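A quick note: this is a predicted structure, and the numbers were derived from the prediction, not measured.
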Amino acid sequence: MNTMDNLEKQLICPICLEMFTKPVVILPCQHNLCRKCANDVFQASNPYLPTRGGSLTSGGRFRCPSCRHEVVLDRHGVYGLQRNLLVENIIDMFKQESSSSSKPAPERKEETPMCDVHEEEKINIYCVTHGVPTCSMCKVFGAHKDCEVAAITSIYQSKKAELSDGIAMMVGNNDRMQGIVSQLEEACRAIEENGRRQKTLVCERFDQLYSILEEKKAEMSQKVTAEQEEKVNYIRGLTRKYGDHLEESCKMVELGIQTMEEPEMALFLQNTKPLLKKLAEASSTAHLDKVERGYENMDHYTVDFKKEGLALRSLDFLQDDEDEDEEDEDGEASAEEGEGPPAAPAGGGGAPAPVQPAAPPQPSPSSPSAASS
């Protein structure tokens, strides 16, 4: 196959950069050209010579595109050049060998674009210097005569391979990008799920705090209620005792007034002695309790939650180095709750509030706190 490739390279026209097209002419310098290509070069070199039927009618000259040797033509023009039958036979054998060694590809008509400068010339070569496809006339006489050119088929294959590699690379990049997008979407779902779970945990912890505060509020309110009921019941009982004593005193006053109206002196004196004794007993309140000053005061149940409020306002999420101590702190808090709630701080003097109110005093008749009427 390498021999056939080398042979094909020797059968390439230097003008059109394709395999020679019959008839093939040989120049005096022994270089070969397609007759059509030689005619195109000749016409381009002699634009002012008269033509007839597309060919020159008088002699002229042009230079060989391979070695730049000057070729002088007679009045027959390029048709006066000798045909190279050997090259034509080699081309025929090469085509037969190529067709027998490979299956013929289905023919497909393709429209070859034409050169913008030379409108009758097909674009059949590639200017490597400027990186654009052009025609063979532009290479010989046009803007690309000093440029490096190559066969358009080879450039086509290389560019096609380059484009294929670029597409493959882009497909690989797209696959990687799709993988990254999938990872990001999965991370987004994980963040949303983790956020919901952590918000649920935070709400549960706050609910626990609410529960502790509610229990503490109920406990402390019960203490106040217990002493309140005890003091109210005592005062109400004392009120009934004083009411009974007052009613008895009123009866003694009525009895005394009736005795004062007794006209009989002997009878008056008989009733006066026991009546005076009863009046003295009724006037005495030594057997009744006296409420101490400030007994109605409940200020010893005053609370101050400034420190606790500051602590609640400073609540925040644990740092990474504090996560390990969380379970230990929860265990200590549970142990403290098991030992019993601390007494609420008293306002004003700062003394701790009593758990149960003191029993009301029970003065005896001889007590210094007893009040006389």
Please check this pair: side chain of S314 against backbone of L310, looking for a donor-acceptor N/O pair closer than 3.5 Å. yes
Any chance CD of E192 has more than 12 other-residue heavy atoms, nucleotides or ligands included, within less than 6.0 Å? yes
Might you work through the side chain to side chain contact (heavy atoms under 4.5 Å, CB included) test for H245 and K241, ending with a clear yes or no? CA-CA 6 Å; H245 185 76; K241 291 181 180 180; over 6 Å; no
Please list every donor-acceptor pair under 3.5 Å in which a side-chain atom of residues 14-32 meets a protein atom from a residue at least two apart or in another chain.
from: K22; atom 1: NZ; to: D92; atom 2: OD1; distance (Å): 3.3
from: K22; atom 1: NZ; to: D92; atom 2: OD2; distance (Å): 3.2
from: N32; atom 1: OD1; to: N84; atom 2: ND2; distance (Å): 2.6

To the nearest 0.5 Å, how far apart are CG in L312 and CZ in F206? 8.5 Å
Taken to the nearest 0.5 Å, the spacing of D40 CG from C34 SG works out to 10.0 Å
Is there a donor-acceptor pair closer than 3.5 Å between any side-chain N or O of K217 and the backbone N or O of I212? no
Between the side chain of R63 and the main-chain N/O of R68, is any donor-acceptor distance below 3.5 Å? yes
Holding to salt bridge (charged side-chain N to carboxylate O under 4.0 Å, His left out), I want the full list of residues that pass it with K307, two or more places apart in sequence or in another chain. none
Quick one: pull up CG in L213 and NZ in K216 and give me the separation to the nearest 0.5 Å. 10.5 Å
Do F317 and L209 share a hydrophobic cluster (ILVMFWY, side-chain heavy atoms under 4.5 Å, transitive)? yes
Heavy-atom side-chain proximity of E70 to F62 below 4.5 angstrom: no
The salt bridge (charged side-chain N to carboxylate O under 4.0 Å, His left out) partners of D244 (sequence neighbours excluded) come to none
CD of E248 to NZ of K251: how many Å apart, nearest 0.5 Å? 8.0 Å
Strictly below 4.0 Å, N to O, side chains only: are E186 and R189 in salt-bridge contact? yes
Residue set satisfying salt bridge (charged side-chain N to carboxylate O under 4.0 Å, His left out) with E262, at least two apart, ordered chain then number -> none
Sort and list the pairs that fulfil side-chain hydrogen bond (donor to acceptor under 3.5 Å, both in side chains) and have at least one residue in residues 266-279, not counting sequence neighbours. none
Would you kindly confirm whether V232 and M298 end up in one hydrophobic cluster when ILVMFWY residues are joined by side chain heavy atoms under 4.5 Å apart? no
If Ile, Leu, Val, Met, Phe, Trp and Tyr residues are connected whenever their side-chain heavy atoms lie under 4.5 Å apart, and connections chain through other members, are L33 and L81 in the same group? yes
Return the minimal non-hydrogen interatomic distance between C138 and T134, and the atom names on each side. CB-OG1, 3.1 Å
Side chains of V71 and L73 in contact at under 4.5 Å (non-hydrogen atoms): yes
Is E88 salt-bridged to R83, going by a charged N under 4.0 Å from an acidic O? yes
Is it possible for you to say whether L288 and I235 belong to one hydrophobic cluster, with membership spreading through side-chain heavy-atom contacts below 4.5 Å? yes
Can you find a heavy atom in the side chain of L11 that is under 4.5 Å from one in the side chain of I90? yes
With a 6.0 Å cut-off (strictly less than), is the heavy-atom count around CZ of R197, excluding the residue itself, greater than 12? yes
Check whether NZ of the Lys or CZ of the Arg K223 lies under 6.0 Å from the centre of the six-membered ring of Y301 and within 45 degrees of that ring's axis. no
Measuring only between side-chain heavy atoms, which start at C-beta, is E162 closer than 4.5 Å to D165? no
Between the main-chain N or O of G131 and the side-chain N or O of Y126, is there a donor-acceptor pair closer than 3.5 Å? yes
From CA spacing to verdict: side chain to side chain contact (heavy atoms under 4.5 Å, CB included), M252, L275: CA-CA 8 Å; M252 293 303 298; L275 182 58; 3.7 Å; yes
Decide side chain to side chain contact (heavy atoms under 4.5 Å, CB included) for K36 and N39; before the verdict, give the C-alpha distance in whole Å, the side-chain angles of both, and the deciding distance to 0.1 Å. CA-CA 5 Å; K36 180 183 181 301; N39 189 47; 5.7 Å; no
C250 vs L246, side chain to side chain contact (heavy atoms under 4.5 Å, CB included): CA-CA, chis, key distance, verdict: CA-CA 6 Å; C250 291; L246 178 60; 4.2 Å; yes
Holding to salt bridge (charged side-chain N to carboxylate O under 4.0 Å, His left out), I want the full list of residues that pass it with E247, two or more places apart in sequence or in another chain. none
Measuring from S182:OG to Q178:CD, what's the distance to the nearest 0.5 Å? 4.5 Å
Shared ILVMFWY cluster between V202 and Y210, side chains joined below 4.5 angstrom? yes
Could you report the tightest heavy-atom contact between H300 and N297, atom names first, then the distance? CE1-O, 3.6 Å
Within-4.5 Å side-chain heavy-atom neighbours: Q208 and R205: yes
How about Y234 and Y295: are their ring centres within less than 6.0 Å of each other? yes
No-hydrogen, no-angle side-chain donor-acceptor test under 3.5 Å, R236 and N233: no
What distance do Q198 atom CD and E193 atom CD have between them, rounded to the nearest 0.5 Å? 10.5 Å
